[in-house]
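Notes to accompany the following structure.
Letters A, B, ... mirror the listed sequences (proteins, then strands); counts begin at 1.
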2 protein chains.
Amino acid sequence: MAPTRERILDATAELFRRYGYTGTGLKQVVAAANAPFGSLYHHFPGGKQQLGAEVVHRAGHMYQKLVESVFDSGADAVEGTANVFSGAAEVLKATDYADACPIATVALEVASTDDTLRQATAEVFESWIQGATTRFADAGVPEARARELAILLVAALEGAFVLDRAMRGTEALRVAGAAAATAVEAALAG
Amino acid sequence: MAPTRERILDATAELFRRYGYTGTGLKQVVAAANAPFGSLYHHFPGGKQQLGAEVVHRAGHMYQKLVESVFDSGADAVEGTANVFSGAAEVLKATDYADACPIATVALEVASTDDTLRQATAEVFESWIQGATTRFADAGVPEARARELAILLVAALEGAFVLDRAMRGTEALRVAGAAAATAVEAALAG
DNA sequence: GTCTATAGAAGGATAGAC
DNA sequence: GTCTATCCTTCTATAGAC
């Protein structure tokens, strides 16, 4: 079995994704992680805020690696972009519209309430944008335009998650994916 | 002064937008609404869930009217689309990155925890999509494509809100707005 | 209909034995 | 480092006086 600290982090990430930050209780966390309550404060003396910040960074990094591997599985940047959205749609459907972005819910919740956590979510988004920018630049898109495409990709993905989780469908991911792929194509052609 | 029931609804909408559903306490609500605690359960016997559902519908409707009036202020659908994003960016900045979409935070929070509320958010999004679809169709876009554009507009707006609130900037709204306007232009030309 | 008081559960956090 | 017991606050919700 994984060490206690890791189990707590993983369990929290899963709970955040479904119930958000304020919606996840620490008692719920230790129950899901099969850990005694005290060990939570042993490993995270900063309490819920510290745990939250570490989870945001950890989950953000893992999700980035996952999405990038899906992107890189495409033959080119256009196909890679399309694959990210279709892959996300599959996961969303398979988890009964529960597992979407591990960061977005927390990001909206803490944006005006906890600046430490807000900064953590901002760093994750910036890292995602950087990763995508590099890929588009490598594909031949001029630097400035590459960053715009990257922001567009992340924003379209996040926005589609909001709509599709609420409406329990994958229409938004499909539409947003097609639009993002078209934008990438245009940037490569122009 | 507005009647108690309205004051409660308006105060709750404002609190939801900033702190979300789970992050907003009912005591906080009655304090902000200048109402005694008991009157909350007099007017909303269904408790927090009923209050939440009514607020989602009410705020969703008001926001739709607001956005549509901004859209209609444009000379055509392309300019209208662009105006929606630039207007949103202004409001976001003016409120210190607090007042974005009144629905999105709640939508993500309740998507997997409360089906009544989830349905309320879904109805609001569908209404927004319908409103935008009509406008694009009236501008000459074929029906099926008009709905896709509408979904794209809403998703891009929501996604940009997530990024910009987290990063405390308006870059995503700017990029997403330009992309949405371009997509509308292409649909009108094609 | 208005308002106060309080119940009962759950929240985050801490102390201290082992 | 592990684990239990407990503190204090806050939460939603209810009861009942006026």
Side-chain angles (χ1 to χ4, degrees), chain A residues 1-56 105-106 108-118 120-121, chain B residues 1-56 105-106 108-110 112-118 120:
Chain A
M1 190 156 57
T4 304
R5 198 173 197 282
E6 312 264 303
R7 289 207 316 280
I8 291 177
L9 286 168
D10 288 340
T12 306
E14 181 67 16
L15 290 167
F16 277 5
R17 187 179 349 216
R18 301 199 178 195
Y19 311 117
Y21 181 74
T22 51
T24 298
L26 295 184
K27 297 184 182 180
Q28 204 179 346
V29 166
V30 293
N34 257 313
F37 195 83
S39 70
L40 196 158
Y41 277 88
H42 171 73
H43 293 292
F44 305 92
K48 194 181 189 180
Q49 190 188 49
Q50 184 193 344
L51 173 61
E54 288 199 32
V55 164
V56 164
T105 310
V106 176
L108 287 179
E109 285 181 283
V110 304
S112 301
T113 59
D114 188 319
D115 207 62
T116 299
L117 281 172
R118 192 222 95 227
T121 65
Chain B
M1 190 156 56
T4 304
R5 196 173 199 281
E6 312 264 303
R7 288 207 317 280
I8 291 177
L9 286 169
D10 289 339
T12 306
E14 181 65 17
L15 291 168
F16 276 5
R17 178 162 21 197
R18 300 199 178 196
Y19 311 116
Y21 181 74
T22 51
T24 298
L26 295 184
K27 297 187 178 180
Q28 206 178 346
V29 167
V30 293
N34 257 312
F37 194 82
S39 70
L40 196 158
Y41 278 88
H42 171 72
H43 293 292
F44 305 93
K48 193 179 190 182
Q49 189 189 50
Q50 184 193 344
L51 173 62
E54 288 199 32
V55 164
V56 165
T105 310
V106 176
L108 286 179
E109 286 181 283
V110 305
S112 301
T113 59
D114 187 318
D115 207 63
T116 299
L117 281 172
R118 193 222 94 228

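- Every residue was checked against the salt bridge (charged side-chain N to carboxylate O under 4.0 Å, His left out) condition with B:Asp114, not counting sequence neighbours, and none meets it.
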Protein-to-nucleotide contact annotation, 5' to 3' order, nucleotides 11-18 of chain C [B base; S sugar-phosphate only; - none; under 4.0 Å, heavy atom]: BBBB----

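- Contacts of A:Thr22 classified as side chain to side chain donor-acceptor pair (under 3.5 Å), with partners at least two apart in sequence or in another chain: A:Glu109, B:Thr22.
- A sub-4.0 Å separation between OP1 or OP2 of D:dT2 and a side-chain N or O of A:Thr4 is present.
- By the side chain to side chain donor-acceptor pair (under 3.5 Å) test, B:Asn34 is found to be paired with no residue, residues two or more places apart in sequence or in another chain being considered.
- Put simply, CZ on B:Phe44 is 16 Å from C1' on D:dT12, counting in whole angstrom units.
- Looking at A:Arg7 and A:Asp10, their side chains never come closer than 4.5 Å, going by heavy atoms from C-beta outward.
- Between D:dC3 and A:His42, no contact under 4.0 Å exists linking OP1 or OP2 to a side-chain N or O.
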Got a list of side-chain donor-acceptor pairs under 3.5 Å for residues 36-43 of chain A, not counting sequence neighbours?
| residue | atom | partner | partner atom | Å |
| --- | --- | --- | --- | --- |
| A:Ser39 | OG | A:Pro36 | O | 2.9 |

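- When rounded to the nearest whole Å, the span between NE2 of B:His43 and P of D:dA13 equals 17 Å.
- Within the structure, the salt bridge (charged side-chain N to carboxylate O under 4.0 Å, His left out) test picks out the following pairs touching residues 14-31 of chain B (sequence neighbours left out): B:Glu14-B:Arg17, B:Glu14-B:Arg18, B:Arg17-B:Asp99, B:Arg18-B:Asp99.
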